[in-house]
Amino acid sequence: MTFSLRPNEVVHSVNQNLPCKILELLGSGGQGDVFRGECGGSHVAVKWYNPAAATERQRNTIDELVQLGPPDQRFLWPIDLVTGRGIEGFGYIMPLRDNRFKGIPDLLRRTADPTFRALAIAGFHLADGYLKLHAKGRCYKDINWGNVFLDPKTGDILICDNDNVAIDSGEECGVGGTLGFMAPEVVRGEVLPSTQTDLFSLAVLLFYMFMIEHPFHGKLEANIRSFDAAAKYQLYGNKPVFVFDPNDDSNRPVPGYHDNAIEYWKVYPDFLKQLFINAFTNGVRDPDNGRVRESEWRKAMLRLLDSIFPCASCGAENFYDVANVQAGQNMGVCWSCSKPLLLPLRLKVGNQIVMLTRGTQLFQHHIDTTSGFDLTKVIGALVQHPTDPKIWGLTNLSQSKWTCTGSDGVIRDIEPTKSIRIQPNVKIQFGTADGEIR
């Protein structure tokens, strides 16, 4: 016996009692089918459970999630339970995913090619989204590449499959996770999914996004002849070894087999690589204290965003690594064309360094570290002169006046919507913070 729906069938929302007409099948999974539907004049997604998944506990979970509401708009959260008159089973409606969003596996297949800027923004949204979920006392339990989608152009993300989100209580909750993303202690059967194990899964997801490889796929994985359950238990649970563990080289990436990890690891700045090292060394040995928190990933992604600048020769995105500069090293060569890198002007605000290049934006957190992190709060943007493309300026998009001291020592007011020319030694007083162009 199967529970399923057919086009033109009508189900009804339980709480609002609205009819929802089924239009077409979008996809099928282990728990059931997902359809496009029309409800209240809008298109929605309808997930309808198969018999094995249509349990009373699952129904209660959906009902609780509907009452709780989403952490924010990045979650395709259950809107309402749906049932059908004369149709066995139940499901729920949720917002419909726009076609501009692509799956993480599309990155691996190269059918989606986001910029580094978009990846940094997506990484921020993921860390920020799961932080907001965890702050509600909920754990996701099954963070993996199949339930996250990103817009390769903007870095916007959507988190789907939220019907298994549960209270972070450590109780049996029906879903253990996806092998390869599960924390080692979950693989070994020592603990149940929790916010703490979510942190490990988030780190794996981010590593996949930035390195296009799994953090434990190296020599040990390449030597496995039969990738069966026993081999997976060993690799992901019993003896997980990070491919770039500085103290254990037994699982290094194999050239010709793990080239993505080898090449991308060279591209990123040390502060991001160090977080991955911590996540997959200390975070494995000491799950309670060694995991990288969502707030740490969030700050790192914003710093990564500020670090991007183009190669003057080929235009490829590169990263400003302040650790190399402080160590007296130059910026080296472009990862794409191997030409020497030339640094653009940069703005220093407090301990933050923002590269001043095409697409640069200043946000409220740059000038007020107590304001939280919100990429919709743009207070400044780099703009090109309308008649002389060689001249760049920083436009004041805030509601307050800036005060600028030019390299000539002259003090000028920069009113909202006005711009200051980008030049070395220019100082800007943002009202709550001071900045200097270098």
Side-chain angles (χ1 to χ4, degrees), residues 26-27 34 36 43 45 72-76 94-130 140 143-162 178 180-181 201-215 259-261 263-269 272 275-276 294 297-298 300-311 314-320 334-337 355 357-361 363 373-376 378 381-382:
L26 295 177
V34 178
R36 181 193 302 273
H43 282 189
D72 61 26
Q73 74 283 354
R74 290 171 291 203
F75 291 79
L76 296 180
M94 58 184 163
L96 190 65
R97 174 169 53 89
D98 191 276
N99 289 333
R100 67 187 175 97
F101 289 93
K102 307 299 179 184
I104 303 301
D106 290 322
L107 274 65
L108 279 68
R109 293 191 292 263
R110 307 293 186 182
T111 54
D113 190 20
T115 63
F116 286 139
R117 184 176 298 275
L119 278 179
I121 293 172
F124 166 82
H125 282 310
L126 282 174
D128 192 54
Y130 287 119
Y140 191 89
I143 296 174
N144 67 75
W145 63 14
N147 49 39
V148 169
F149 295 85
L150 67 87
D151 182 335
K153 294 182 179 179
T154 66
D156 293 339
I157 65 106
L158 289 176
I159 299 172
C160 65
D161 292 342
N162 295 288
T178 298
F181 291 86
S201 303
L202 172 60
V204 175
L205 179 62
L206 291 172
F207 194 86
Y208 257 123
M209 287 172 56
F210 286 94
M211 306 299 170
I212 319 297
E213 188 53 271
H214 191 282
D259 289 339
N260 283 336
E263 295 305 318
Y264 279 111
W265 188 255
K266 302 173 186 176
V267 172
Y268 294 105
L272 182 65
L275 278 186
F276 282 125
E294 314 94 321
W297 287 119
R298 190 171 61 174
M301 294 303 155
L302 293 176
R303 184 177 176 186
L304 191 69
L305 182 63
D306 292 341
S307 302
I308 297 171
F309 70 98
C311 170
C314 71
E317 292 174 304
N318 284 261
F319 297 97
Y320 175 70
C334 172
W335 64 268
S336 179
C337 70
M355 308 304 289
T357 67
R358 184 187 300 274
T360 293
Q361 292 179 311
F363 302 97
F373 302 104
D374 186 346
L375 295 187
T376 66
V378 181
L382 204 68

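Since the structure is predicted, the reported quantities are computational estimates derived from the model, not experimental observations.
Between Phe116 and Phe319, the ring-plane angle classifies as tilted under the 30° and 60° cut-offs. Below 30°, between 30° and 60°, or above 60°: for Phe276 and Phe207 the angle between ring planes is above 60°, a perpendicular geometry.
Pairing each heavy atom of Arg358 with each of Arg117, the nearest pair is O-NH2, 3.9 Å. In plain terms, the two heavy atoms of Phe75 and Gly129 that are nearest each other are CZ-O, 3.3 Å. Across every non-hydrogen atom of Ala127 and Leu202, the tightest pair is CA-CD2, 4.3 Å. Pro152 and Ala118 make their closest contact through O-CB, 3.3 Å (heavy atoms, listed as atom of the first residue, atom of the second, distance). Shortest non-hydrogen contact noted between Gly315 and Pro310 is O-CB, 3.8 Å. Nearest heavy-atom pair across Asp161 and Gly146 is OD2-O, 4.3 Å.
Counting only distance, with no hydrogens or angles, the side chain of Trp335 and the backbone of Glu317 share a donor-acceptor pair below 3.5 Å. Without hydrogens or angle criteria, Asp106 side chain to Thr111 main chain gives no donor-acceptor distance under 3.5 Å. Between the side chain of His214 and the main chain of Gly180, a donor-acceptor pair closer than 3.5 Å is present. With hydrogens and angles disregarded, no donor-acceptor distance shorter than 3.5 Å links the side chain of Tyr140 to the backbone of Ser201.
Within the 4.5 Å cutoff, the side chain of Ile121 has no heavy atoms near those of the Thr154 side chain. By the 4.5 Å heavy-atom criterion applied to side chains, Leu206 and Leu126 are counted as neighbours. In this structure, Ile159 and Tyr130 have side chains that are in contact, with non-hydrogen atoms separated by less than 4.5 Å. Asp156 is listed as a side-chain neighbour of Phe101, based on a closest heavy-atom distance under 4.5 Å. Between Met301 and Phe210 the shortest side-chain heavy-atom distance falls below 4.5 Å. By the 4.5 Å heavy-atom criterion applied to side chains, Asp128 and Arg74 are counted as neighbours. Side-chain atoms of Leu107 and Leu119, non-hydrogen and from C-beta on, do get closer than 4.5 Å to each other. Contact of the Met209 side chain with the Val148 side chain is not registered, since no non-hydrogen atoms from C-beta on lie closer than 4.5 Å.
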Working for side-chain contact (heavy atoms from CB on, under 4.5 Å), residues Cys314 and Cys334
CA-CA 9 Å; Cys314 71; Cys334 172; 3.7 Å; yes
Do Leu305 and Phe124 pass the side-chain contact (heavy atoms from CB on, under 4.5 Å) test, and can you show the C-alpha distance, the side-chain angles, and the key distance before you say yes or no?
CA-CA 9 Å; Leu305 182 63; Phe124 166 82; over 6 Å; no
Using the rule given for side-chain contact (heavy atoms from CB on, under 4.5 Å), can you reason through Leu302 versus Phe363, listing the C-alpha separation, both sets of side-chain angles and the distance that settles it, and then say yes or no?
CA-CA 10 Å; Leu302 293 176; Phe363 302 97; 5.8 Å; no
Between Thr115 and Ile308, does the side-chain contact (heavy atoms from CB on, under 4.5 Å) criterion hold? Intermediate values first, please.
CA-CA 10 Å; Thr115 63; Ile308 297 171; over 6 Å; no
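Of the inter-residue distances, the one linking Asn260 atom CG with Leu108 atom CG reads 7.0 Å to the nearest 0.5 angstrom. Summarising the geometry, atom CD1 belonging to Ile157 is positioned 8.5 Å from atom CG belonging to Leu150; distances are rounded to the nearest 0.5 Å. Within the model, atoms CG of Asn318 and CZ of Phe309 stand 5.0 Å from one another, a figure rounded to the nearest 0.5 Å. One distance of note links CG of Asn144 with OH of Tyr208; it measures 10.5 Å at 0.5 Å rounding.
Only one option out of Arg100, His125, Arg97 pairs with Leu158 in a side-chain contact (heavy atoms from CB on, under 4.5 Å); it is Arg97.
Within a 6.0 Å radius of CG in Asp113, other residues, nucleotides and ligands contribute 12 heavy atoms or fewer.
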